[in-house]
Number of protein chains: 2
Amino acid sequence: MPPKSPKRPASSAVEDYLEQILELINTKGYARVVDIAGRLSISQASVTNMVQKLDADGLLKYEKYRGLVLTTAGEELARNITHRHQLLTDFLQLLGLAPDVIHHDVEGMEHHVSPETVHAIESLTSHLKRRPALLRGIRSGIPATRSRRNF
Amino acid sequence: MPPKSPKRPASSAVEDYLEQILELINTKGYARVVDIAGRLSISQASVTNMVQKLDADGLLKYEKYRGLVLTTAGEELARNITHRHQLLTDFLQLLGLAPDVIHHDVEGMEHHVSPETVHAIESLTSHLKRRPALLRGIRSGIPATRSRRNF
DNA sequence: GAAGAAAGTTAGCCTAGGCTAACTTTTCGT
DNA sequence: ACGAAAAGTTAGCCTAGGCTAACTTTCTTC
Ligand SMILES: [Mn+2]
Ligand SMILES: [Mn+2]
Ligand SMILES: [Mn+2]
Ligand SMILES: [Mn+2]
């Protein structure tokens, strides 16, 4: 039987944990409590606590003192939040924002974009990437030159 | 002396309260506990509690059982979050999203966009508004026709 | 194969921001 | 003007998700 039936949407905190866990697994091959704590700038005790909750919720399998693996549900969620993070980062990069600003804003916004909005922004960024002239105009806050009639 | 010295950035909850309070004042002329509660779908008791906190933080002046007014600081914050809300709504409307989706996403995202990002999105939307053809392409997820060489 | 270091866990605490139930104050209708 | 309804407040509770301090387990180094 599934560990938690009426699965509410994951909280921002849960999404941040899963995102970092997946990233650690993808880069180091495994995710240790101490590393998750480092990535999230959170105490190890808090991580242990949350990892136990995530286990209870069926998002990962955790063996005390040994390690953890994402379940299918957990990995799916992790990939999803990672995708939102990447998309928003891409989008704000197109707008020419500074890396720290981007990171700060993305880290908050990523938890609030619905699938429809994700799709719309994907479409937008893919279009904008093909229009460097328009982008330059946007970035400088100046109306884009339709062609190059005015300099 | 100022009511709260090391003023941390306002929480999402605080911003939502101030936003609704300002809106009520602008439309009805005053903001009553019962209406704030209605707008935010929150109990009256919770509103009373928060209003007392906002008073302690110097964001509004509150007289028990009578009413409340925003302070300069509170109104400034309220106008600011309202502006972010409006901007994001505008932006997502341009992308052709459904009103409920827009409202849901904006209500969450608005608390996480820094001034730089606000400015960049303002520039973006103002540019997009002048390019209906590009917008149609974005909305349908289809590459925009550069001019009308291909139909 | 210890001993010390590093990692992990537990216990107990805290804050924000919700809730309900019970009480008080204000307003409204007759 | 007074009694009921509406609005507002208080008290007590709850959950999520942080924290530190103290303890335990695992790893590393000799
Ligand atoms: Mn995040
Ligand atoms: Mn993220
Ligand atoms: Mn909001
Ligand atoms: Mn809002």
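So that the names make sense, note that chain A is the first sequence line, chain B the second, and so on, each numbered from 1. Computed over heavy atoms, backbone and side chain alike; hydrogens, waters and symmetry mates excluded. As the structure is a computational prediction, the values presented were derived from the model and not from experiment.
A:T117 and B:D105 are linked by a side-chain donor-acceptor pair at a separation below 3.5 angstrom, with hydrogens and angles left out of the test. Under the 3.5 Å distance criterion, with hydrogens and angles disregarded, no donor-acceptor pair is assigned to the side chains of A:Q20 and A:D16.
Nearer the 5' end of DNA chain D, as judged by each residue's closest nucleotide, is the contact made by A:S11, out of A:K64 and A:S11. If A:A13 and B:Y65 are placed on DNA chain D by their nearest nucleotide, the residue sitting closer to the 5' end is B:Y65.
If you check residues 14-31 of chain A against DNA chain C, you find no residue with a heavy atom closer than 4.0 Å. Within residues 37-45 of chain B, the residues approached by DNA chain D to less than 4.0 Å at the level of any non-hydrogen atom are B:Q44, B:A45, in residue-number order.
Distance CG/A:L40 to OH/A:Y17: 6.0 Å, rounded to 0.5 Å. If you take CD on B:E15 and CD on B:E107, they are separated by 10.0 Å, rounding to the nearest 0.5 Å. Note that the CG atom of B:L59 and the OH atom of B:Y62 stand 15.0 Å from one another [nearest 0.5 Å].
Note on B:T48: a side-chain N or O is less than 4.0 Å away from OP1 or OP2 of D:dT9.
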Intermediate values then yes/no, side chain to side chain donor-acceptor pair (under 3.5 Å), B:S46 and B:S43: CA-CA 5 Å; B:S46 296; B:S43 75; 3.0 Å; yes
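Atoms CD (A:E63) and P (D:dT25) sit 15 Å apart, rounded to a whole Å. Between the P atom of D:dG18 and the CD1 atom of A:I36 lies a distance of 13 Å, rounded to the nearest Å. B:N49 places its CG atom 11 Å from the P atom of D:dA11, with the value rounded to the nearest Å. The distance between atom CE of B:M50 and atom C1' of D:dG8, rounded to the nearest whole Å, is 17 Å. Put simply, OH on B:Y62 is 10 Å from P on D:dG8, counting in whole angstrom units. Put simply, NZ on B:K53 is 14 Å from P on D:dT9, counting in whole angstrom units.
In this structure, B:H112 has its ring center closer than 6.0 angstrom to the ring center of A:H112.
Identified under the salt bridge (Lys or Arg N to Asp or Glu O under 4.0 Å) test for residues 38-49 of chain A, with sequence neighbours left out: A:E23-A:R39.
The B:R66 side chain lies nearest to C:dT27 when the options are D:dA7, C:dT9, C:dT27. The side chain of B:Q52 has D:dT10 as its nearest neighbour among D:dT10, C:dG8, C:dG17.
More than 12 non-hydrogen atoms from other residues, nucleotides or ligands lie less than 6.0 angstrom from CD of A:Q52.
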